[in-house]
Asks: 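One structure, pasted below without further comment.
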Amino acid sequence: MVSSQNIGNNSASLFFIFIRYFFMLDPHLFRNELDFVTVQLKKRHFAFNPENYSELEARRKLVQTKTQELQNARNSSSKTIGQAKAKGEDVQGLLDQVAHLGEELKTAETELIVIQSELDALMAGIPNLLDLSVPEGKDENENVEVSRWGSAPQFDFDVKDHVDLGTARHLLDFELGAKITGSRFVVLNGQLARLQRALIQFMLDTHSSENGYQETYVPYLVNTDSLRGTGQLPKFEADLFKASENPALYLIPTAEVPVTNIVRDVILDEKILPLKFVCHSPCFRSEAGAYGRDVRGMIRQHQFEKVEIVQITKPDDSAKAHEELTLHAEMILQKLKLPYRKMLLCAGDTGFSSSKTYDLEVWLPGQNAYREISSCSNFRDFQARRLQARWRNPQTGKPELVHTLNGSGLAAGRTLIAVMENYQDAQGRIHIPEVLLPYMGGLTIIE
RNA sequence: GGAGAGUUGGUCGAGUGGUCGAAGGCGCACGCCUGGAAAGUGUGUAUACGGCAACGUAUCGAGGGUUCGAAUCCCUCACUCUCCGCCA
């Protein structure tokens, strides 16, 4: 916590840093449209106490005004002293007059910082406001199916899941992953490892050549500023692997973090928007809250490969970009001829930072179920505010927040599972999807 | 890992402890000039917070300190560049 001893003249700048990093939603909205915000948060089943907020905010205003008055007094008397000194006058009298100011100012500044951190803590826990089209609902059971593509393949033999298919031919080795590292790690062998690489290549090529995304290669370790920018910190540290203490560095949970942070602290020219990036990376998740879920197989691993697509748009364009970006992810599934359904997440299942999310769920014959393979979200200005990612609006001449969006295009590990299970035959072999043939060096079946 | 030099607005680049949010150049915007343009010339040109506004406050890599007053002095850290070493 902040002690009064290290509060100096620069303490006011701390105040602005807090605003910069922890205000996820527009503070003006809370000051001017508190009722609206309260209703919106209720839809998320988020308990927000407007009275508590109003009281804090009133105190903040009072103390901030007082602090600024004292700063004004100090500044103007210092100026007077400077002028008097320049004329060679005796300034002792003036110095005596301001002797008490320093103490008073320090007290006020300290108080301001305390109030501000309370306000910040409150604001930091508040999720993004939902898009009006997001349906009511408390959990994943109330998500709405938007569309369905393809039909589940019919097999005239007993289908195997990817674990049986993979371990039988020693393509997947969970024991080896456990030996080398621990549970929820896996080793892929031979042609299956190649198939995953083919999937990644195929996705990168499709998004960069056909969908207009710029391919990027980024660091897999990120600092705390970057994680704050996209919203993983301070709230979700438990989901991350920390790789170094000093400096504090974390393994990325998704390429979204480094890629979206490309625009942190940048004022973008209108002409280059929208920015579209595609990036393959490994992803590292401690999955702290998921013990006991999907323990069998490689559905839920601590390390997996993913191709991420990211868009940075003007505010007016983000809704359309969200539809487009989701279609780009769907396109991969369609080209692979993998049956899937598109779900609009309900209020209770939409992630903390997102205003609207579509999940794509691929058909897994081995589980006889649809499972998430992509999540496409519009964050609107929620991340941009923390990132200070802006564009200069020619209409106003002012820098304004951009909108950020991203989606998995797709999670390669889970896509590999889907290919294995949907393309299996009676002998337990895996046929190579047509679009991947150019990447497999002539191989058509993994035997 | 060792040695040295840096970090100032959109950009380049000045900067003395005191009317410094910061000279000057470039860029950009709007005028003037011109038949039109270039050149020339004039004016303007950061961000955030509070305020109806006037205006006030803060910000010169980050954080602390000294001082009535810090871009300027002191301490810590980060980053960039150059040289040496090591290395895929």
Side-chain angles (χ1 to χ4, degrees), chain A residues 1-23 25-32 56-106 108-113 115-117 119-120 123 217 219 221-226 228 244-249 261 263-272 381 384-402:
Chain A
M1 208 44 224
V2 187
S3 81
S4 58
Q5 284 181 330
N6 52 32
I7 307 294
N9 297 324
N10 291 323
S11 54
S13 62
L14 248 176
F15 165 75
F16 295 105
I17 286 162
F18 276 129
I19 283 193
R20 181 182 146 164
Y21 283 130
F22 294 109
F23 274 65
L25 286 163
D26 188 358
H28 292 112
L29 205 60
F30 280 76
R31 290 181 199 135
N32 304 326
L56 258 179
E57 172 62 15
R59 275 172 57 209
R60 193 222 91 230
K61 202 176 224 178
L62 193 75
V63 177
Q64 185 174 345
T65 308
K66 186 180 161 197
T67 305
Q68 294 193 351
E69 276 167 9
L70 287 168
Q71 284 171 332
N72 187 13
R74 181 202 60 197
N75 289 349
S76 48
S77 52
S78 291
K79 212 169 256 184
T80 312
I81 292 170
Q83 286 165 343
K85 254 194 167 169
K87 290 182 201 151
E89 293 168 8
D90 178 33
V91 294
Q92 193 52 50
L94 288 167
L95 285 178
D96 292 343
Q97 277 176 36
V98 296
H100 67 285
L101 257 180
E103 276 308 304
E104 239 180 291
L105 185 56
K106 254 177 203 184
E109 284 176 339
T110 308
E111 198 186 344
L112 180 59
I113 284 178
I115 293 171
Q116 195 62 54
S117 15
L119 206 48
D120 291 333
M123 298 294 282
Y217 171 83
L221 288 169
V222 291
N223 59 34
T224 53
D225 282 347
S226 293
R228 267 195 281 266
S244 139
E245 200 63 52
N246 190 23
L249 297 175
N261 271 277
V263 296
R264 170 152 55 88
D265 291 325
V266 175
I267 299 175
L268 299 156
D269 193 304
E270 185 206 14
K271 290 195 268 298
I272 66 169
D381 63 10
R385 180 166 297 105
R386 329 186 81 200
L387 291 162
Q388 283 299 294
R390 296 173 294 177
W391 67 299
R392 196 172 291 277
N393 185 345
Q395 234 105 68
T396 60
K398 295 280 179 194
E400 296 173 13
L401 296 169
V402 295

Asks: What interatomic distance, in whole Å, is found between C1' of B:rG25 and the corresponding atom of B:rU8?
Replies: 15 Å
Asks: Could you state the CG-C1' distance from A:Asn393 to B:rU47, rounded to the nearest angstrom?
Replies: 16 Å
Asks: Could I get the full list of side chain to side chain donor-acceptor pair (under 3.5 Å) partners for A:Ser78, not counting sequence neighbours?
Replies: none
Asks: Take atom P in B:rA88 and the same atom in B:rU80, then report the distance between them in whole Å.
Replies: 22 Å
Asks: List in chain and number order the residues that pass side chain to side chain donor-acceptor pair (under 3.5 Å) with A:Glu57, two or more places apart in sequence or in another chain; answer none if no residue qualifies.
Replies: A:Arg31, A:Arg60
Asks: Determine the Euclidean distance between corresponding P atoms of B:rU59 and B:rG65; express it in Å to zero decimal places.
Replies: 13 Å
Asks: Who passes side chain to side chain donor-acceptor pair (under 3.5 Å) against A:Glu270, sequence neighbours left out?
Replies: A:Lys314
Asks: Between A:Glu57 and A:Ala73, name the one whose nearest nucleotide on RNA chain B is closer to the 5' end.
Replies: A:Glu57
Asks: At under 4.0 Å, does any side-chain N or O of A:Arg392 touch on OP1 or OP2 of B:rU47?
Replies: yes
Asks: Can you check the distance between B:rA14 and B:rG24, where both ends of the measurement are the P atom (answer in whole Å)?
Replies: 15 Å
Asks: List the residues meeting side-chain contact (heavy atoms from CB on, under 4.5 Å) with A:Glu104, not counting sequence neighbours, and say none if there are none.
Replies: A:Leu70, A:His100
Asks: Please determine, for the side chain of A:Gln71, which listed nucleotide (B:rU47, B:rC49, B:rA58) has the closest atom?
Replies: B:rA58
Asks: Which whole number of Å gives the distance between the C1' atom of B:rG21 and that of B:rU72?
Replies: 15 Å
Asks: Once you apply a heavy-atom cut-off of 4.0 Å, does A:His100 come out as touching a base, just sugar-phosphate, or nothing?
Replies: nothing
Asks: Could you check A:Val98 against A:Pro247 and say which one's nearest nucleotide on RNA chain B is further toward the 5' end?
Replies: A:Val98
Asks: In what stems does RNA chain B take part, counting only runs of at least 3 consecutive Watson-Crick or G-U pairs whose two distances fall under 3.5 Å?
Replies: B:1-7 with B:78-84, B:10-12 with B:24-26, B:27-32 with B:40-45, B:46-50 with B:55-59, B:61-65 with B:73-77
Asks: In whole Å, what is the span from the CD atom of A:Glu69 to the C1' atom of B:rC49?
Replies: 15 Å
Asks: How many whole angstroms separate atom CD of A:Glu270 from atom P of B:rG10?
Replies: 19 Å
Asks: Look at the side-chain N and O atoms of A:Asn72 and state whether any lies under 4.0 Å from the OP1 or OP2 oxygen of B:rG56.
Replies: no
Asks: Between B:rC84 and B:rG9, how far apart are the C1' atoms? Round to whole Å, please.
Replies: 37 Å
Asks: Mind checking side chain to side chain donor-acceptor pair (under 3.5 Å) for A:Asn75 and listing every partner two or more places apart, or none if nothing turns up?
Replies: none
Asks: Using the P atom in both, what is the distance from B:rG27 to B:rC20, to the nearest Å?
Replies: 27 Å
Asks: Side chain to side chain donor-acceptor pair (under 3.5 Å) between A:Gln92 and A:Asp96: does it pass, once the steps are laid out?
Replies: CA-CA 6 Å; A:Gln92 193 52 50; A:Asp96 292 343; 3.1 Å; yes
Asks: What is the separation between atom CZ on A:Arg228 and atom P on B:rA62, rounded to the nearest whole Å?
Replies: 16 Å
Asks: Taking atom P in both B:rU7 and B:rC55, what distance in whole Å separates the two?
Replies: 34 Å
Asks: Of the candidate nucleotides B:rG56, B:rG51, B:rC68, which contains the atom at the shortest distance from the side chain of A:Arg74?
Replies: B:rC68
Asks: I need the minimum non-hydrogen distance between A:Ser77 and A:Val98, along with the two atoms involved.
Replies: OG-CG1, 3.2 Å
Asks: Can you tell me the distance, in whole Å, between the CD atom of A:Glu400 and the C1' atom of B:rA48?
Replies: 15 Å
Asks: OP1 or OP2 of B:rA48 sitting under 4.0 Å from any side-chain N/O of A:Arg390?
Replies: yes
Asks: NZ of A:Lys61 versus C1' of B:rG56: gap in Å, rounded?
Replies: 15 Å
Asks: Applying salt bridge (charged side-chain N to carboxylate O under 4.0 Å, His left out), can you list everything that pairs with A:Glu245, at least two apart in sequence or on another chain?
Replies: A:Lys242
Asks: Atom CG of A:Leu112 and atom CG of A:Leu62: how far apart are they, to the nearest 0.5 Å?
Replies: 10.5 Å
Asks: Rounded to whole angstroms, how far apart are CZ on A:Arg264 and C1' on B:rG61?
Replies: 14 Å
Asks: Name all residues meeting the salt bridge (charged side-chain N to carboxylate O under 4.0 Å, His left out) criterion together with A:Arg392; count only those two or more places apart in sequence or in a different chain, and write none if there are none.
Replies: none
Asks: Nearest-Å distance, CG (A:Leu105) to P (B:rC68)?
Replies: 13 Å
Asks: Show the distances under 3.5 angstrom between N or O atoms of the protein and N or O atoms of nucleotides 13-18 of chain B.
Replies:
residue : atom : partner : partner atom : Å
B:rG18  : O6   : A:Lys85 : NZ           : 2.9
B:rG18  : N2   : A:Ser78 : O            : 2.8

Asks: Just N and O in the side chain of A:Asn75: are any of them under 4.0 Å from OP1 or OP2 of B:rU57?
Replies: yes
Asks: Given 3.5 Å as the limit, does a donor-acceptor pair link the side chain of A:Asn261 with the main chain of A:Ser226, or not?
Replies: yes
